[in-house]
2 protein chains.
Amino acid sequence: MTKGPQFEPVQPVRAYQRIVEQVEDALARGDLTPGQRLPSERELVAQFAVSRSTVREALRVLESNGVVRSRPGDPNGPEILPYSSSALRKQVARLARVDQLTLSELIGFRMIMDGAAIQVASRLRTPEELDDLEATLVAMRDAIDVDFAAFSEADLAFHELIARISRNSLIQTCNEVVRGVVLGLIADKIAHAPNSRALMLESLHHHAEVVDAIRAGNGHAAARIARQNMFDYYAGYVPDSEQETLRALIDD
Amino acid sequence: MTKGPQFEPVQPVRAYQRIVEQVEDALARGDLTPGQRLPSERELVAQFAVSRSTVREALRVLESNGVVRSRPGDPNGPEILPYSSSALRKQVARLARVDQLTLSELIGFRMIMDGAAIQVASRLRTPEELDDLEATLVAMRDAIDVDFAAFSEADLAFHELIARISRNSLIQTCNEVVRGVVLGLIADKIAHAPNSRALMLESLHHHAEVVDAIRAGNGHAAARIARQNMFDYYAGYVPDSEQETLRALIDD
DNA sequence: TGCGCCGACTGGTCTGACCAGTGGACTAGG
DNA sequence: CCTAGTCCACTGGTCAGACCAGTCGGCGCA
């Protein structure tokens, strides 16, 4: 090795950090499963042989990681949560706010991501899954008559299904997370747009075309339509100067 | 509205949570910028008019979100960190461990993601960026003679450049995060593989082909080669049963 | 000028206390 | 017997004050 020994900066391990590790390891090993309860804070004090402040600092870390949730007064201890994308979403939302991630980058990410997922899905889909997609279209149609929130939920179900068909739960999670952040930024504007209903109908139409293309096994076409749809749906909310960048993503 | 009023569960806002919000808002507004220091804990106690325990619980949350870092003995207060993907990576790593995300899903995600980024990049790249890519290839060649870690770093630079050319920092972050998690799982195995050097050479060769295809403006070919490369590079580390799923991702 | 000591800080941890909630057990009243 | 109300043990959230081991800047000594 030409570089010589690689020393890393040494830093003390905090007690609360070791508690966090122990809990997360227990979760990874399966000794702890979602729905179970952690002992109460005072009980943890005894088990870990540290002070309550230390236990609580560890719990705050676990809580912000989406691992547990504490509820005051609950006779059972903190609850072990099932994995949810909320912690990831928080990170991405922070990225968007603090790191100047623009709306057009978020949308561009979705266009790329969703297009790729649809392309993969159009090859892997089983006949049953095709039926499921059709069913989702019907649900979307019905939801239009309710309100935007309902339509949005049906749309989410569609994309979740696509991600599931692509056999990759990370895609599903990513899609869900970024979609959540995007909607958080502009859902109100869409919901109150005067042509909201027309937008929903057009989106539904595009979705149907996507499903047709998937049925035909034409992944390229399906992905292209999906990207076009997302562009039409969202592009109005990004500055004109950035619209061109997004438009460039439509064709592959 | 046909659904009636939608009540949301009301839950008390904790003091430490409001401190977290205040700090993150200040960051979002730009009142706080990376590199700056927060006041010391005892000073924050005075400013927020809460106890030190509360301040510390808030700091633990901020710390686990990658917003600040505390160092004992530091005469300056906690440091405001620039955004880094470390917090995101922690989430994805947890997802991988706890939520049974498989290695093949992580690799599949990268194949899809990176392929899409390369496809976009091959259209958007400027001549200068093409030169930068060539330069990265040279760096990779040199790094092979050093060790695997160096090669890995040069490879990271290549992918960062691709992501940057695709004009989307979220892609870059995602790529970096998932790449980090994958390497964390199998870097040792690759580094100590007997044919490690041959693998690196082959990978370099593929990268060169990708650059050629990008220069030619053939996004499809570039993406396909990149996916193939990633498959060759990593597939040996996933169970046979899952290799087929990955192989299906190579062609588009 | 250079070096080492010192002291004023830092964050990490601990102790012990109080409070407002929660929910189970217990009890009085139907 | 069952219900409704009370009570109480316990929860997590917060507080005040203390000690410790580090860190680092400045002062004074060689």
Side-chain angles (χ1 to χ4, degrees), chain A residues 7-24 26 32 34-81 86-87, chain B residues 7-24 26 32 34-81 86-87:
Chain A
F7 294 129
E8 296 195 355
V10 51
Q11 40 205 1
V13 183
R14 286 89 198 243
Y16 64 80
Q17 193 53 44
R18 264 181 293 159
I19 295 178
V20 169
E21 283 163 16
Q22 280 204 47
V23 172
E24 293 196 332
L32 237 42
Q36 277 189 320
R37 298 308 186 103
L38 242 39
S40 75
E41 294 183 359
R42 286 164 178 87
E43 176 63 25
L44 291 172
V45 165
Q47 289 193 26
F48 287 113
V50 296
S51 76
R52 194 162 157 232
S53 328
T54 304
V55 164
R56 280 181 62 79
E57 290 189 33
L59 285 176
R60 288 298 81 74
V61 174
L62 289 169
E63 201 167 76
S64 104
N65 285 1
V67 180
V68 306
R69 180 181 45 201
S70 296
R71 223 168 38 103
D74 191 339
N76 305 309
E79 184 181 2
I80 305 277
L81 298 174
S86 69
Chain B
F7 294 129
E8 294 196 355
V10 51
Q11 41 205 2
V13 183
R14 286 91 199 243
Y16 64 81
Q17 193 54 44
R18 263 181 294 158
I19 295 179
V20 169
E21 282 163 18
Q22 281 204 46
V23 173
E24 293 196 332
L32 239 40
Q36 277 189 321
R37 300 306 187 102
L38 241 40
S40 76
E41 295 183 358
R42 285 161 178 89
E43 176 64 24
L44 291 172
V45 165
Q47 289 193 27
F48 287 114
V50 296
S51 77
R52 195 161 156 232
S53 325
T54 304
V55 165
R56 283 182 59 81
E57 290 189 32
L59 286 176
R60 289 297 82 75
V61 174
L62 289 169
E63 201 167 75
S64 104
N65 284 1
V67 180
V68 306
R69 179 181 45 200
S70 296
R71 225 168 36 103
D74 191 339
N76 305 308
E79 183 182 2
I80 305 277
L81 297 174
S86 69

For a 4.5 angstrom cut-off between non-hydrogen side-chain atoms, does [X] reach [Y]?
{"X": "Gln22(B)", "Y": "Arg18(B)", "answer": "no"}
{"X": "Asp74(A)", "Y": "Glu79(A)", "answer": "no"}
{"X": "Arg42(A)", "Y": "Val55(A)", "answer": "no"}
{"X": "Leu59(B)", "Y": "Leu38(B)", "answer": "yes"}
{"X": "Pro72(A)", "Y": "Arg14(B)", "answer": "yes"}

Pairs under 3.5 angstrom, nitrogen or oxygen only, protein versus nucleotides 6-9 of chain D, please.
none

Rounded interatomic separation in angstrom, taking [atom1] from [X] and [atom2] from [N]:
{"X": "Leu59(A)", "N": "dT14(D)", "atom1": "CG", "atom2": "C1'", "value": "15 Å"}
{"X": "Arg56(B)", "N": "dT14(D)", "atom1": "CZ", "atom2": "P", "value": "16 Å"}
{"X": "Glu41(B)", "N": "dC15(D)", "atom1": "CD", "atom2": "P", "value": "14 Å"}
{"X": "Arg14(B)", "N": "dT11(D)", "atom1": "CZ", "atom2": "P", "value": "16 Å"}
{"X": "Arg69(B)", "N": "dT10(C)", "atom1": "CZ", "atom2": "C1'", "value": "15 Å"}
{"X": "Ile19(B)", "N": "dG13(D)", "atom1": "CD1", "atom2": "P", "value": "14 Å"}
{"X": "Glu57(A)", "N": "dG11(C)", "atom1": "CD", "atom2": "P", "value": "12 Å"}

Partners meeting side chain to side chain contact (heavy atoms under 4.5 Å, CB included) with Ala26(A) (sequence neighbours left out): Arg29(A), Asp31(A), Leu32(A)

Can you give me the closest heavy-atom contact between [X] and [Y], atom names plus distance?
{"X": "Ser64(A)", "Y": "Ala87(A)", "answer": "O-CB, 4.4 Å"}
{"X": "Pro78(B)", "Y": "Pro39(B)", "answer": "CD-O, 3.4 Å"}
{"X": "Ser51(A)", "Y": "Val45(A)", "answer": "C-CG2, 3.9 Å"}

Nearest-0.5 Å distance, [atom1] of residue [X] to [atom2] of residue [Y]:
{"X": "Leu62(A)", "Y": "Glu57(A)", "atom1": "CG", "atom2": "CD", "answer": "12.0 Å"}
{"X": "Thr54(B)", "Y": "Leu44(B)", "atom1": "OG1", "atom2": "CG", "answer": "12.0 Å"}
{"X": "Leu81(B)", "Y": "Asn65(B)", "atom1": "CG", "atom2": "CG", "answer": "11.5 Å"}

Salt bridge Arg60(B)-Glu63(B), side-chain N to carboxylate O under 4.0 Å: yes

Under 4.0 angstrom between [X] side-chain N/O and [N] OP1 or OP2:
{"X": "Thr54(B)", "N": "dC15(D)", "result": "yes"}
{"X": "Arg60(B)", "N": "dG12(C)", "result": "yes"}
{"X": "Ser70(A)", "N": "dG12(D)", "result": "no"}

What nitrogen or oxygen pairs link the protein and nucleotides 19-27 of chain C at under 3.5 Å?
| from | atom 1 | to | atom 2 | distance (Å) |
| --- | --- | --- | --- | --- |
| dG23(C) | OP1 | Arg71(A) | NH2 | 3.3 |

Sugar-phosphate, base or nothing in reach of Pro78(A), heavy atoms under 4.0 Å: sugar-phosphate

Contact residues, residues 43-53 of chain B to DNA chain C [heavy atom, < 4.0 Å]: Arg52(B)

Residues that Glu41(B) engages under side-chain hydrogen bond (donor to acceptor under 3.5 Å, both in side chains), provided they are two or more places apart: Arg52(B), Arg56(B)

Please tabulate the protein-to-nucleotide N/O contacts below 3.5 Å involving nucleotides 4-7 of chain C, giving atom names and distances.
none

